[in-house]
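Taking it in order: structure first as structure tokens, then the write-up.
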Amino acid sequence: MSNKTRKVLRLSGSDVTHFLQGLVTNDVDRLADGIVYTALLTPQGKYRADFFLVPDGDDVLIDVQEDLAATLAQVLGMYKLRSDVSIAETDMTVTRGVGETPEGAFADPRHASLGWRGYHGQPDQDVDWDALRVAACVPQTGVELTPDTFILEAGFERLNGVDYKKGCYVGQEVTARMKHKTELRKGLATVGISGSAPVGTEIKAGDKTAGTLFTQSGNHAIAYLRFDRATGDMSAETATVTYSG
């Protein structure tokens, strides 16, 4: 069973590495060591798409959520101008599993618990990925990651998705300013939950808004919190939410 919620794009041409380096949040030179997790931001520093860059001979594959693929290809096409870069959709599938990484697959760079990702027919495994994501506080496109997201609030530093030494990229100035000049007062965190509530439910601490509830698995969930308010027992509709810091 392949991961059909993903699409794989292929970037070819002599300028691919240089082209990507000026756009994405991570250091594209890390492709020499394997797969790279990264994001494309708006000029205002907000989330546009997150994806994996995968070395494939002289080409670079982009492993992206399927519903973002067409827009991402269009945006990359706008940026490439006269660069020697071609962008094509492929019919490649993404497979995933945990345990020993099969030959030709890559360890997921975001967190060790997320196993491996394969692109050349490695056998897929039936795994409760939401449970692993919640435990490691790994956000997902369209759930925790939205057009209003700042990637540092979403944990991209912890998830090996941003590099502060690589030089300029789209949205770099805002990201660097958040890193160096402010303490993060809001962001994603794994919380305890008793009961359940729909994704997007407001979390209340007394009569004040403390955050928003997202993916739930068992008695834990990912939430976006205002850390100064996230104390004691909080509520999300009829569910009780707790945050240990």
Side-chain angles (χ1 to χ4, degrees), residues 1-8 25-26 34-40 47-54 62-69 93-101 105-119 122 124-162 184 186-201 203 211-225 227 230 234 236 239 241-245:
M1 183 185 69
S2 62
N3 189 339
K4 292 185 173 62
T5 62
R6 307 294 292 185
K7 178 73 78 172
V8 179
T25 59
N26 214 336
I35 192 172
V36 174
Y37 180 57
T38 191
L40 180 67
Y47 170 89
R48 201 169 204 167
D50 66 314
F51 42 89
F52 299 88
L53 301 177
V54 184
I62 293 182
D63 163 4
V64 63
Q65 188 156 300
E66 188 172 33
D67 57 2
L68 290 181
T93 56
V94 180
T95 55
R96 300 178 67 189
V98 295
E100 186 174 347
T101 303
F106 299 89
D108 192 312
R110 297 173 297 175
H111 194 276
S113 68
L114 296 181
W116 52 264
R117 308 180 73 84
Y119 303 91
Q122 290 88 355
D124 208 34
Q125 295 178 6
D126 186 13
V127 174
D128 187 346
W129 296 109
D130 273 353
L132 296 181
R133 282 202 310 108
V134 168
C137 196
V138 177
Q140 180 170 305
T141 304
V143 185
E144 292 86 12
L145 296 174
T146 76
D148 290 324
T149 298
F150 289 105
I151 61 166
L152 296 192
E153 293 183 348
F156 268 61
E157 186 172 4
R158 172 177 53 83
L159 299 171
N160 302 308
V162 61
L184 287 180
K186 297 181 285 187
L188 295 178
T190 298
V191 297
I193 186 168
S194 176
S196 64
V199 167
T201 297
I203 297 171
T212 307
L213 186 68
F214 291 112
T215 305
Q216 298 155 67
S217 179
N219 58 356
H220 290 92
I222 297 175
Y224 180 77
L225 297 176
F227 297 121
M234 299 174 286
V241 176
T242 55
Y243 174 59
S244 61

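- The structure places OG1 of Thr242 at 7.0 Å from CE of Met234, a figure rounded to the nearest 0.5 Å.
- Between the side chains of Tyr37 and Asn26, no donor-acceptor pair is found at a separation under 3.5 Å.
- Looking at every heavy atom in both residues, Thr190 comes nearest to Ala135 through OG1-O, 4.1 Å.
- Considering every non-hydrogen atom in both Cys137 and Pro139, the closest pair reads O-CD, 3.7 Å.
- For the side-chain hydrogen bond (donor to acceptor under 3.5 Å, both in side chains) test, no residue two or more places apart in sequence or in another chain qualifies with Asn160.
- Listed here is the closest heavy atom pair of Ala189 and Tyr243: CB-CE1, 3.6 Å.
- Atoms CD and OH, from Glu153 and Tyr224 in turn, are 3.5 Å apart once rounded to the nearest 0.5 Å.
- For the pair Asp108/Phe52, a side-chain contact is recorded, criterion being any heavy-atom separation below 4.5 Å from C-beta on.
- In this structure, NZ in Lys7 is found 11.0 Å from OG1 in Thr93, a value given to the nearest 0.5 Å.
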Next on the checklist: Run the side-chain contact (heavy atoms from CB on, under 4.5 Å) test on Thr149 and Phe156 for me, step by step, so that the C-alpha distance in whole Å, both residues' side-chain angles and the decisive distance to 0.1 Å come before the verdict.
Outcome noted: CA-CA 11 Å; Thr149 298; Phe156 268 61; 6.0 Å; no

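- Two residues are said to be in side-chain contact when any heavy atoms from C-beta on lie closer than 4.5 Å; Ile35 and Arg117 meet this criterion.
- At least one donor-acceptor pair under 3.5 Å links the side chain of Arg133 to the backbone N or O of Val138.
- At a threshold of 4.5 Å between non-hydrogen side-chain atoms, the residues Leu132 and Val98 count as touching.
- Under the ring pair (Phe, Tyr, Trp, His ring centres under 6.0 Å) criterion, Phe51 pairs with no residue, sequence neighbours left out.
- Looking only at distances, a side-chain donor or acceptor of Arg6 sits under 3.5 Å from a matching main-chain atom of Asp63.
- The OG1 atom of Thr201 lies 10.0 Å from the CZ atom of Phe214; values are rounded to the nearest 0.5 Å.
- At least one donor-acceptor pair closer than 3.5 Å links the side chain of Thr25 to the backbone N or O of Ala39.
- Contact between Gln216 and Ile193 at its shortest, heavy atoms only, is OE1-CD1, 3.6 Å.
- Contact between Thr101 and Ala107 at its shortest, heavy atoms only, is CG2-N, 4.2 Å.
- For the pair Ala223 and Ile203, the tightest heavy-atom approach, listed with the atom from each and the gap, is CB-CD1, 3.7 Å.
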Checklist entry - Going through the checks in order, is the side-chain contact (heavy atoms from CB on, under 4.5 Å) test met by Leu53 and Ile62? => result CA-CA 5 Å; Leu53 301 177; Ile62 293 182; 3.7 Å; yes

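- Not a single donor-acceptor pair under 3.5 Å links the side chain of Arg96 to the backbone N or O of Trp129.
- Formation of a donor-acceptor pair under 3.5 Å by the Asp50 side chain with backbone atoms of Thr38 is not found in this model.
- Side chain of Glu144 to backbone of Ala154: no donor-acceptor contact under 3.5 angstrom is found.
- A donor-acceptor pair is defined here as one N or O able to donate and one able to accept, closer than 3.5 Å; no such pair exists between the side chain of Gln122 and the backbone of Thr95.
- Considering CG of Leu40 and CD1 of Ile151, their distance stands at 10.5 Å, rounded to 0.5 Å.
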